[in-house]
Amino acid sequence: MRNNKSETHTFEGLKLWQQCRELRKKVADLTRTFPQDERFRLVDQLLRASRSVTANIAEGYGRYHYQENIQFCRQAGGSLYELIDHLSVALDEGYIDEDKFNRFREEVLDSVRVLNGYIKYLQNRKDEGS
């Protein structure tokens, strides 16, 4: 994303980060419908996992070496899969229905696909530089 004051590119311009940001917002909206007694349990876990995804993508982008960026992206991938597990708990507890679970699951898996493509791109760039 370009800033009017400079030509600095940031993680905010990554389609991957933008997509995961939207997912993070949807997870936050979803958790607002959960029972109050889940506020410091499942809600907290869902929010932390969704925030971890975008934070790891951003931190990796700021690293100097491709391998470090790849490692942070792998952490983001782990958090995406963690989201699916937490969403399955929400399903099992009756906080969401099967349809909502499946929609979120597909969105998470689509983010995993985009993330894997970005990791492959980074790996190729790393290999070109060796």
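Since we're looking at a predicted model, the values are computed, not measured.
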Side chain to side chain contact (heavy atoms under 4.5 Å, CB included) assessment of Leu91 paired with Glu98: CA-CA 7 Å; Leu91 174 65; Glu98 190 87 31; 3.9 Å; yes
Side-chain donor-acceptor contact under 3.5 Å, [X] with [Y]:
| X | Y | answer |
| --- | --- | --- |
| Asp127 | Gln123 | yes |
| Asn69 | Glu59 | no |
| Arg24 | Thr54 | yes |

Should we count CZ of Arg63 as having more than 12 external heavy atoms under 6.0 Å? yes
How close do [X] and [Y] get, heavy atom to heavy atom, and via which atoms?
| X | Y | value |
| --- | --- | --- |
| Pro35 | Tyr95 | CG-CE2, 3.3 Å |
| Phe101 | Ile84 | CE1-O, 3.8 Å |
| Cys73 | Leu122 | SG-CD1, 4.2 Å |
| Leu80 | Val108 | O-CG1, 3.3 Å |
| Ala28 | Leu47 | CA-CD2, 3.7 Å |
| Leu30 | Lys100 | CD1-CD, 3.6 Å |

Evaluate the side-chain proximity of [Y] to [X]: yes if any heavy-atom separation is below 4.5 Å, no if none is.
| X | Y | answer |
| --- | --- | --- |
| Ser88 | Asp85 | yes |
| Arg39 | Asp44 | no |
| Val53 | Leu115 | no |
| Glu107 | Lys26 | yes |
| Ile119 | Arg74 | yes |
| Asp110 | Leu23 | no |
| Gln45 | Phe40 | no |

Can you measure from [atom1] ([X]) to [atom2] ([Y]) and round to the nearest 0.5 angstrom?
| X | Y | atom1 | atom2 | result |
| --- | --- | --- | --- | --- |
| Glu68 | Lys126 | CD | NZ | 11.0 Å |
| Ile70 | Arg125 | CD1 | CZ | 11.5 Å |
| Cys20 | Arg51 | SG | CZ | 15.0 Å |
| Tyr118 | Tyr61 | OH | OH | 6.5 Å |
| Leu16 | Ser111 | CG | OG | 7.5 Å |
| Asn56 | Gln71 | CG | CD | 9.5 Å |

Does a side-chain N-to-carboxylate-O contact under 4.0 Å join Arg103 and Glu106? no
Should Arg32 and Asp29 count as an ion pair when the cut-off is N to O under 4.0 Å? yes
Arg41 (side chain) donor-acceptor with Asp37 (main chain) under 3.5 angstrom: yes
Arg48 backbone acceptor or donor facing Ser52 side chain under 3.5 Å: no
Could you tell me which residues satisfy side chain to side chain donor-acceptor pair (under 3.5 Å) with Lys120, sequence neighbours excluded, listed by chain and number? none
Do you reckon Phe72 sits in the same ILVMFWY cluster as Ile57, going by side-chain contacts under 4.5 Å, direct or chained? no
